[in-house]
Amino acid sequence: MPNSTVKSFYSTTPIFYVNDAPHIGHAYTEVATDVVTRWHAQRGENAFMLTGTDEHGEKILRTAAANKTEPKDWADKLVHDSWLPLLDTIDIRNSDFIRTTEPRHEKNVQKFVQHLYDTGFIYQGSYEGNYCVGCEEYKTDADLLDGEGAFEGQPVCAIHSKPVEKLKETNYFFKLSEFQQPLLDLYSQEPDFVAPDSARNEVVSFVRRGLDDLSISRSKEKFDWGIDIPWDDSHITYVWFDALLNYITAIGYGEDDEKFRSLWPASLQVVGKDILRFHAVIWPAMLMAAGLPTPKQVFGHGWLLVGGEKMSKSKLTGIAPEQITDTFGSDAFRYYFMKAIAFGQDGSFSWEDLSARYQAELANGFGNLASRVLAMVGRYFDGFIPEPGEYTEADLAIIEIARKATNDADDAIERVAIQDAITSVWTLVDELNNYITVSEPWVLAKAEENRARLGTVLYVCAEGLRALSVLLAPVIPKATGKLWAAVTGGSLGALDDATIASAAEWGILPVGAKIGELEPLFPRIEAETEGQ
RNA sequence: GGGGAGUUAGCUCAGUUGGUUAGAGCAGCGGACUCAUAAUCCGUCGGUCACGGGUUCAAGGCCCGUACUCCCCA
């Protein structure tokens with residue numbers, strides 16, 4: 001429901017290459033984008049998150065053939081068997097899911113390409129080079145190695161170790177070279193366009209060295225699984241050119257101007273650092289050529305390292321997200337990767353660390369806090385939220401911490417510093433646990449004259465839980481949903497409707513509300529050797 | 001060959017523009033407490049900030065070099 005008076009926040013993830021097997025790297029990108037987007041939604045903004053699948057290209061055509069099926073059927077199967085389930089596994093709340101084989105995409109990619117052709121940014125040329133089918137791109141000599149074994153004497157792709165094919169074709173080229181200066185201007189005028197700084201530095205130095213025009217078509221003689229070049233049906237669009245355009249075709253480019261204008265330019269486009277160049281160089285150049293605004297920010301995040309190495313299926317360290325969620329749940333998955341790793345830097349994953357943080361932070365820190373507070377409200381006040389009396393210094397300190405945690409976390413999200421945001425929120429978890437110990441409600445409960453004080457202490461605790469439900473909802477939506485339901489007892493409506501700002505306010509929980517039951521949010525996990 | 005990032009307590013990491021005795025969490029050790037998922041709270045142990053030079057009144061932070069790790073480009 002686009003509303004012009006409400007700020008919009010449009011975020012994107014890269015689209016999954018449909019042939020890949022989902023692993024925690026994919027899930028990591030999705031979760032990060034989802035957390036930031038949910039936070040903006042919780043602020044009351046018109047938040048829209050896009051993800052999807054990239055389904056064109058020679059490799060998919062070949063895989064489909066190897067599986068004795070049509071490429072579209074093959075992609076259908078993978079989307080439904082792998083990618084949609086992945087989003088469910090890690091609790092992603094995307095607003096839309098674009099597939100590059102959908103008419104809304106194909107048709108409007110053609111419009112875009114035609115527009116660039118008409119305005120002279122695309123021209124015909126010829127290209128000769130060594131093509132690697134695995135990479136789906138031409139390789140320079142430096143990318144090639146001498147073949148070994150069966151491929152003795154042939155140049156092979158350094159990545160795939162398979163022979164490259166010598167190809168010469170007439171192609172259409174995008175005048176990327178004309179955008180060197182405009183891109184450099186963009187980077188300097190909008191320093192946050194590429195983040196973090198390390199990524200920005202790489203991009204800037206790359207563009208400073210000059211840009212070559214980019215081949216954006218492939219002859220159908222080779223394969224024809226792609227989008228036709230509209231004025232020349234002997235060519236199809238190069239997969240990357242096709243794929244990048246998903247970010248605008250999904251939101252109405254070419255056919256729904258109102259929707260498109262309400263969301264574009266994107267606020268945040270999250271990518272892994274391996275594909276940063278496509279998103280921070282080629283993509284903005286394409287948009288400039290078409291006269292469209294560039295996204296506010298392209299954020300390149302780091303790799304997940306397993307045992308010190310980049311995780312990949314070929315190194316057999318690829319980990320399927322369900323391996324983690326089956327044992328720990330989706331909330332723990334989301335929390336762990338967001339809290340343990342500085343977003344933007346490489347980070348190491350280990351089962352030991354995951355397990356330790358689950359136990360120490362989620363079960364003992366947060367989950368147990370919820371249990372002890374609700375148990376005391378139940379035991380001492382029959383489950384009714386007590387009335388607070390006059391606040392002492394200790395109470396006011398908690399109120400202030402809730403306010404500060406909210407503001408600090410909000411600032412951190414603005415910088416896409418997800419880890420910092422959670423750390424800020426966690427100060428409230430820790431301080432509440434501390435507050436309870438110091439306030440000793442179980443001692444107060446022993447003497448009737450302390451009844452008022454006991455009520456105040458537990459009201460402060462309950463309000464703290466209310467604030468935490470809101471602040472942690474973007475990260476651990478399932479657990480906070482249960483906690484919210486229990487602590488408000490339905491007195492404050494839906495958690496989704498509670499704004500971030502309300503977490504910084506005090507005294508919102510109605511006195512006399514009946515709390516609900518709460519099962520342990522993060523039950524202890526006995527087996528410590530899971531995940532082999 | 002060119003460029004970028006990194007190397008800080010057993011582990012994972014913070015350390016703004018250089019400025020008092022280098023921090024956190026976890027793990028370890030000692031204690032307190034019992035509302036709670038044997039949870040919580042307090043205290044404590046622990047670092048020649050990769051190595052070698054240099055600039056400075058002052059460097060984990062700046063400069064030069066070396067080693068190792070990773071990434072991008074050619």
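To find a chain, count down the sequence lines: A is the first, B the second, and so on, and within it residues start at 1.
- Searching all strands for a Watson-Crick or G-U wobble partner of B:C49 with both distances below 3.5 Å returns nothing.
- Distances were taken from every side-chain heavy atom of A:W442 (C-beta onward) to each of B:A39, B:U40, B:C33; the shortest belongs to B:C33.
- Relative to the side chain of A:N433, the nucleotides B:U37, B:C35, B:C41 differ in distance, and B:C41 lies closest.
- At a threshold of 4.0 angstrom between heavy atoms, the contacts of A:L276 with the nucleic acid are absent.
- The separation of B:A36 from B:G25, taken at their C1' atoms, amounts to 22 Å, rounded to a whole angstrom.
- The C1' atoms of B:C35 and B:C41 are separated by 13 Å, rounded to the nearest whole Å.
- Here, B:A22 and B:G46 have their P atoms 13 Å apart, quoted to the whole Å.
- Candidate nucleotides B:C41, B:C35, B:U37 were compared by shortest atom distance to the side chain of A:F522, and B:U37 ranks first.
- Which of B:G25, B:U37, B:C73 sits closest to the side chain of A:E361 comes down to B:G25.
- B:C29 and B:G43 make up a base pair, with Watson-Crick or G-U wobble contacts both under 3.5 Å.
- Nucleotide B:C62 has B:G54 as its partner under the Watson-Crick or G-U criteria, with both atom distances under 3.5 Å.
- The phosphate of B:A39 (OP1 or OP2) has a side-chain N or O of A:R524 nearer than 4.0 angstrom.
- Between A:H301 and A:Y28, the ring planes are perpendicular. Angles over 60° get that label, and only those under 30° would be called parallel.
- For A:N368 and B:A36, a side-chain-to-base donor-acceptor distance below 3.5 Å is present, hydrogens and geometry of angles not being considered.
- Between the side chains of A:T237 and A:D242, no donor-acceptor pair of N or O atoms lies under 3.5 Å.
- Within the shown strands, B:G6 is the pairing partner of B:C68 under the Watson-Crick or G-U definition, both distances less than 3.5 Å.
- Rounded to the nearest Å, the gap between the P atom of B:C51 and that of B:A9 is 10 Å.
- Distance from the side chain of A:A360 is smallest for B:C26 among the nucleotides B:C35, B:C26, B:U40.
- Taking every side-chain heavy atom of A:N364 into account, B:A39 is the closest of B:C26, B:U12, B:A39.
- The number of heavy atoms from other shown groups lying within 6.0 Å of CD (A:Q181) is above 12.
- When distances run from any side-chain atom of A:R277 to the nucleotides B:U37, B:G25, B:C72, the shortest one goes to B:C72.
- The gap from the P atom of B:C63 to that of B:G4 amounts to 11 Å, rounded to the nearest Å.
- B:G60 and B:U8: their C1' atoms are spaced 7 Å apart (whole Å).
- The local environment of CD in A:E387 is sparse, with at most 12 non-hydrogen atoms from other residues, nucleotides or ligands closer than 6.0 Å.
- At the phosphate of B:A36, OP1 or OP2 sits under 4.0 Å from a side-chain N or O atom of A:R379.
- A salt bridge between A:D395 and A:R453 is present, with a side-chain N of the basic residue lying under 4.0 Å from a carboxylate O of the acidic one.
- Side-chain atoms of A:Y335 and A:E361 form a donor-acceptor pair, as typed in the model, at a separation below 3.5 Å.
- Ion pair A:D382/A:K514 not flagged as a salt bridge, since none of the NZ, NE, NH1 or NH2 atoms sits closer than 4.0 Å to an Asp/Glu carboxylate oxygen.
- Side-chain atoms of A:A342 lie closest to B:A14 of the nucleotides B:U37, B:C73, B:A14.
- Comparing the same atom, C1', in B:C72 and in B:G52 gives a spacing of 29 Å after rounding to whole Å.
- If you take OH of A:Y336 and C1' of B:G25, they are 13 Å apart, rounded to a whole angstrom.
- At a threshold of 4.0 angstrom between heavy atoms, the contacts of A:A363 include nucleobase atoms, whether or not backbone atoms are also involved.
- Across the C1' atoms, B:C49 and B:A14 are found 13 Å apart, a figure rounded to whole Å.
- When Watson-Crick and G-U wobble pairs are counted only if both distances are under 3.5 Å, B:U21 pairs with no nucleotide at all.
- In this structure, A:F206 places its CZ atom 18 Å from P of B:A5, rounding to the nearest Å.
- The separation between A:Y435 atom OH and B:C35 atom C1' is 14 Å, rounded to whole Å.
- Nearest-nucleotide mapping onto RNA chain B: of A:A199 and A:V429, the residue sitting toward the 5' end is A:A199.
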